[in-house]
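Every value quoted in this text rests on a predicted model; they were computed, and no experiment measured them. All values below were derived from every heavy atom in this structure, side-chain atoms included, with hydrogens, water molecules and symmetry-related copies excluded.
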Amino acid sequence: QVQLVESGGGLVQAGDSLRLSCAASGRTFSNNAMAWFRQAPGNERESVAAINWSGGTTYTADSVKGRFTISRDNAKNTVYLQMNRLKPEDTAVYYCAAKNGRIATMTGERYDYWGQGTQVTVSS
């Protein structure tokens, strides 16, 4: 089992930055690929970014490419999502997810563990 706790969300203005953190516990974090997803009211869940076990391979959704960066610190059992130049359309609940296995994917159904989510609200 892996437990995931997100933090760092909040209310910001367009153009601001936020860094989300996801702290993992329960098993060897470095064996898990990790990802961030988001869901806005009335919308389907959307993949945002994913990272493999070592941090050497990352994927980023086209909608956030160039603005968001995923990273991880295996010594701290934490994955991060640095979000720059935020837009109102980035408003959503952001979820951290862990996958059994080291290879990252942007497909949510492949992830086995999910956090409770953290709200990000971007005002115009």
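- From L81, atom CG reaches atom CZ of F68 across 6.0 Å, with rounding to the nearest 0.5 Å.
- Put simply, the side chain of N43 never gets that close to the backbone of A40: no donor and acceptor are under 3.5 Å apart.
- Looking at T121, its side chain never comes within 3.5 Å of a backbone N or O of L11 through a donor-acceptor pair.
- With a 4.5 Å cut-off on side-chain heavy atoms, I51 and V79 count as touching.
- The structure places OH of Y94 at 12.5 Å from CD of E6, a figure rounded to the nearest 0.5 Å.
- With Q39 contributing its side chain and E44 its backbone, the two residues share no donor-acceptor pair below 3.5 Å.
- Here the closest heavy-atom approach between residue S47 and residue F37 is recorded as CA-CD2, 3.4 Å.
- Side-chain atoms of M34 and C96, non-hydrogen and from C-beta on, do get closer than 4.5 Å to each other.
- The two residues A14 and S124 have their closest heavy-atom pair at CB-CA, 4.4 Å.
- Atom OG1 of T69 and atom CZ of R67 lie 10.5 Å apart (nearest 0.5 Å).
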Go through the steps to decide whether L4 and W114 satisfy the test side-chain contact (heavy atoms from CB on, under 4.5 Å), and finish with yes or no. CA-CA 6 Å; L4 303 172; W114 294 80; 5.5 Å; no
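- At least one side-chain heavy atom of L18 sits under 4.5 Å from a side-chain heavy atom of V120.
- Residue V2 is grouped with residue L20 when hydrophobic side chains (ILVMFWY) are merged at heavy-atom distances under 4.5 angstrom, including chains of intermediate members.
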Any chance you could lay out the side-chain contact (heavy atoms from CB on, under 4.5 Å) test for T105 and Y111, step after step, and finish with the verdict? CA-CA 9 Å; T105 173; Y111 286 82; 3.6 Å; yes
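- Residues N32 and N100 meet the side-chain proximity criterion, which asks for heavy atoms closer than 4.5 Å.
- Within a 6.0 Å radius of CZ in R110, other residues, nucleotides and ligands contribute 12 heavy atoms or fewer.
- By the criterion of side-chain heavy atoms lying less than 4.5 angstrom apart, applied directly or through intervening Ile, Leu, Val, Met, Phe, Trp or Tyr residues, V122 is grouped together with M83 in one hydrophobic cluster.
- Atoms OG1 and CG, on T58 and N52 in that order, are 8.5 Å from each other to the nearest 0.5 Å.
- In this structure, R85 contributes its side chain and G66 its backbone to a donor-acceptor pair below 3.5 Å.
- Under 3.5 Å, the side chains of R102 and N31 contain a donor-acceptor pair of N or O atoms.
- Residues R38 and S63 are in side-chain contact: their nearest non-hydrogen atoms beyond the backbone lie under 4.5 Å apart.
- With salt bridges taken as basic N to acidic carboxylate O contacts below 4.0 Å, none links D90 and K87.
- In this structure, a donor-acceptor pair under 3.5 Å is absent between the side chains of T91 and Q119.
- No hydrogens or angles considered: nothing links the side chains of T78 and D73 as a donor-acceptor pair under 3.5 Å.
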Does K99 form a side-chain contact (heavy atoms from CB on, under 4.5 Å) with D112? I'd like the steps, not just the answer. CA-CA 5 Å; K99 173 177 169 287; D112 302 286; 4.3 Å; yes
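- Between S17 and Q82, the closest heavy-atom pair is CB-NE2, 4.0 Å.
- With S54 contributing its side chain and G56 its backbone, the two residues share a donor-acceptor pair below 3.5 Å.
- V93 and V48 fall into different hydrophobic clusters, where Ile, Leu, Val, Met, Phe, Trp and Tyr are joined by side-chain heavy atoms under 4.5 Å apart, directly or via other members.
- Rounding to the nearest 0.5 angstrom, the gap separating the CG atom in D16 from the OG atom in S123 is 8.0 Å.
- Y80 and R19 form no side-chain donor-acceptor contact under 3.5 Å, judged by distance and modelled atom types alone.
- The distance from atom OG of S21 to atom CZ of R72, rounded to the nearest 0.5 Å, is 13.5 Å.
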